[in-house]
Visitor: 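Before we start, here is the structure in question, set down as structure tokens.
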2 protein chains.
Amino acid sequence: MTTPAAHPSPGDLFDPACPTRQVLDRIGGKWESMLIKVLADAEPGEVRFAELRRRVTGISQKMLSQTLRSLERDGLVRRRVEPTVPPAVHYSLTPLGRSLDGPLAAVRAWAERHITAVVAARAAYDEASPS
Amino acid sequence: MTTPAAHPSPGDLFDPACPTRQVLDRIGGKWESMLIKVLADAEPGEVRFAELRRRVTGISQKMLSQTLRSLERDGLVRRRVEPTVPPAVHYSLTPLGRSLDGPLAAVRAWAERHITAVVAARAAYDEASPS
DNA sequence: CGGAATCCCGGTTGATACTG
DNA sequence: CAGTATCAACCGGGATTCCG
């Protein structure tokens, strides 16, 4: 049908406006989850821009500031500017951001526990049809 | 303290070959996680191609088959072909795939519990600098 | 120092059409 | 029914350069 109505169920994963979808779109990015982990693990809680750049190997300034801003926008990260010269900007996880690190940790744990199985499956699959 | 960085150790999130990174790259896609949930929720355990297409609103045949194949390759999904005419192909989660649904569910739960806060933060942020 | 703006390339995605 | 093939548009994201 072409059913015009499809699934209007709220909280439904199929809905583009669905919460899960929105959240996955955010943490599914290339850097988001890394940044969250780095900030979650940071001892002082706050980390400066340049330090983040150093810790998140491979990230460009553009992506760092861009990602940081999107996380800030969503209330996951806090940006604190010290009005010195030159300016020092400190980033930290908000309580909301910190709470997301839990679920993220679950995924991380799964990844570490099952990655070998995944890699093995992948190898087996590729070997079956090398083309 | 400030510290550590400088060299990516294996198993470290910063390493591009890190398990978490690989897993997030997979489930972070636009359809992967939806497919996993649909398959996980499917009562019979098996769902046919056309039925998946119907359940995952908005997906194209190309992306569906493409995503399905990548999940199959990684050992998360099983593909069973019934050699009839016309052919009937059934997809289901493997035990490995099913085990991933747990962590994914944690993320989903977080999303549903905190999405309003995220949306609010976003609105507040946008209101602060409307441009 | 932090970050905005610009340019640009390549992978990903979506329509559409064709096949077994 | 269950895909594959092709083409074109899109966009993430890297390098570079400029600014407060």
Side-chain angles (χ1 to χ4, degrees), chain A residues 1-2 14 16 21-22 24-35 38-39 42 46-73 77-92 125 129 131, chain B residues 2 5 14 16 21-22 24-35 38-39 42 44 46-74 77-92 125 128-131:
Chain A
M1 173 188 178
T2 125
F14 320 144
R21 187 84 172 263
Q22 295 185 60
L24 278 169
D25 279 353
R26 178 142 328 292
I27 67 172
K30 190 173 181 180
W31 307 108
E32 271 77 355
S33 61
M34 297 175 70
L35 238 12
V38 169
L39 288 171
E46 286 192 328
V47 185
R48 295 186 55 176
F49 190 88
E51 180 58 25
L52 282 174
R53 193 130 101 86
R54 236 166 288 130
R55 296 195 194 182
V56 181
T57 310
I59 195 170
S60 64
Q61 339 64 311
K62 189 179 95 171
M63 289 317 297
L64 180 55
S65 92
Q66 190 173 299
T67 304
L68 243 16
R69 222 180 318 120
S70 73
L71 290 173
E72 186 198 359
R73 188 170 99 105
V77 161
R78 190 175 82 111
R79 179 173 184 266
R80 186 173 68 82
V81 181
E82 259 178 63
T84 59
V85 174
V89 185
H90 302 260
Y91 292 91
S92 58
Y125 185 97
S129 51
S131 76
Chain B
T2 48
F14 320 144
R21 189 83 171 265
Q22 295 186 57
L24 279 169
D25 280 354
R26 176 138 337 290
I27 67 172
K30 191 173 182 182
W31 306 109
E32 273 77 354
S33 61
M34 298 175 69
L35 238 11
V38 169
L39 288 171
E46 287 193 326
V47 185
R48 296 184 55 175
F49 190 87
E51 179 59 26
L52 282 173
R53 194 133 99 87
R54 234 166 287 130
R55 298 195 192 181
V56 181
T57 309
I59 196 170
S60 63
Q61 338 66 314
K62 190 177 90 172
M63 288 317 297
L64 179 55
S65 92
Q66 190 171 303
T67 305
L68 243 17
R69 223 177 319 120
S70 74
L71 289 173
E72 187 198 359
R73 186 170 101 105
D74 284 2
V77 162
R78 190 176 82 112
R79 180 173 183 265
R80 186 172 68 82
V81 182
E82 258 179 64
T84 58
V85 175
V89 184
H90 302 261
Y91 291 91
S92 58
Y125 185 96
S129 50
S131 79

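Just so we're on the same page: letters track the sequence lines, and every chain starts at 1.
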Visitor: What is the minimum heavy-atom distance between T67(B) and M63(B), and which atoms define it?
Guide: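 In this case the closest contact between T67(B) and M63(B) is OG1-O, 2.6 Å.
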Visitor: Tell me, please, which residues at least two apart from R53(B) pass salt bridge (Lys or Arg N to Asp or Glu O under 4.0 Å).
Guide: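 Result, salt bridge (Lys or Arg N to Asp or Glu O under 4.0 Å) vs R53(B): none returned.
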Visitor: So which atom in Q61(B) and which in F49(B) form the shortest heavy-atom distance, rounded to 0.1 Å?
Guide: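 Answer, listing the atom of Q61(B) first, then F49(B): O-CZ, 3.9 Å.
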Visitor: Identify, with sequence neighbours excluded, every residue that meets salt bridge (Lys or Arg N to Asp or Glu O under 4.0 Å) alongside E46(A).
Guide: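 Listed in chain order: R78(A), R80(A).
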Visitor: Could you run down the sub-3.5 Å N/O contacts of the protein with nucleotides 13-16 of chain C?
Guide:
{"from": "dG14(C)", "atom 1": "OP1", "to": "K30(B)", "atom 2": "NZ", "distance (Å)": "2.9"}
{"from": "dG14(C)", "atom 1": "N7", "to": "K62(B)", "atom 2": "NZ", "distance (Å)": "2.7"}
{"from": "dG14(C)", "atom 1": "O6", "to": "K62(B)", "atom 2": "NZ", "distance (Å)": "2.3"}

Visitor: Which heavy atom of T57(B) sits nearest a heavy atom of W31(B), and at what distance?
Guide: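 For T57(B) and W31(B), the tightest heavy-atom pair comes out as O-CZ3, 3.9 Å.
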Visitor: So what is the end-to-end bend of the helix from dC1(C)-dG20(D) to dG20(C)-dC1(D), with 5 pairs used at each end and the value given to 10 degrees?
Guide: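 End-to-end axis angle: 40°.
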Visitor: With sequence neighbours excluded, what pairs up with R69(A) under the side chain to side chain donor-acceptor pair (under 3.5 Å) test?
Guide: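 For R69(A), no residue satisfies side chain to side chain donor-acceptor pair (under 3.5 Å) once neighbours in sequence are set aside.
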Visitor: At under 4.0 Å, does any side-chain N or O of T84(A) touch on OP1 or OP2 of dC1(C)?
Guide: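 For T84(A), the contact criterion (side-chain N or O under 4.0 Å from OP1 or OP2 of dC1(C)) is not met.
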Visitor: Only counting residues at least two apart or in another chain, list the ones meeting side-chain contact (heavy atoms from CB on, under 4.5 Å) with V77(B).
Guide: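 Only L39(B), L71(B), Y91(B), L93(B) meet the side-chain contact (heavy atoms from CB on, under 4.5 Å) criterion with V77(B).
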Visitor: Which is true for R53(B) with a 4.0 Å heavy-atom rule: it touches a base, it touches only sugar-phosphate, or it touches nothing?
Guide: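 No contact.
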Visitor: For R69(B) and P87(A), find the nucleotide of DNA chain D closest to each by heavy atoms; which residue's nucleotide sits nearer the 5' end?
Guide: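 Final value for this comparison: R69(B).
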Visitor: Within the structure, does a side-chain N or O atom of R48(A) lie under 4.0 Å from either OP1 or OP2 of dG2(C)?
Guide: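 Yes, within the criterion.
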Visitor: Provide the start and end nucleotides, 5' to 3', of the part of DNA chain D that has atoms under 4.0 Å from heavy atoms of chain B.
Guide: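 Footprint of chain B along DNA chain D, 5' to 3': dC1(D) to dT6(D).
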Visitor: Mind checking what makes side chain to side chain donor-acceptor pair (under 3.5 Å) contact with R48(A), not counting sequence neighbours?
Guide: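 Scan of R48(A) (side chain to side chain donor-acceptor pair (under 3.5 Å), adjacent residues dropped) gives none.
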Visitor: So, using side chain to side chain donor-acceptor pair (under 3.5 Å) as the criterion, who are the partners of E51(B) when residues are at least two apart?
Guide: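 So E51(B) forms a side chain to side chain donor-acceptor pair (under 3.5 Å) with R54(B), R55(B).
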Visitor: Please identify each residue that fulfils side-chain contact (heavy atoms from CB on, under 4.5 Å) with V81(B), with sequence neighbours left out.
Guide: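 With neighbours one apart ignored, the set is R79(B), V89(B).
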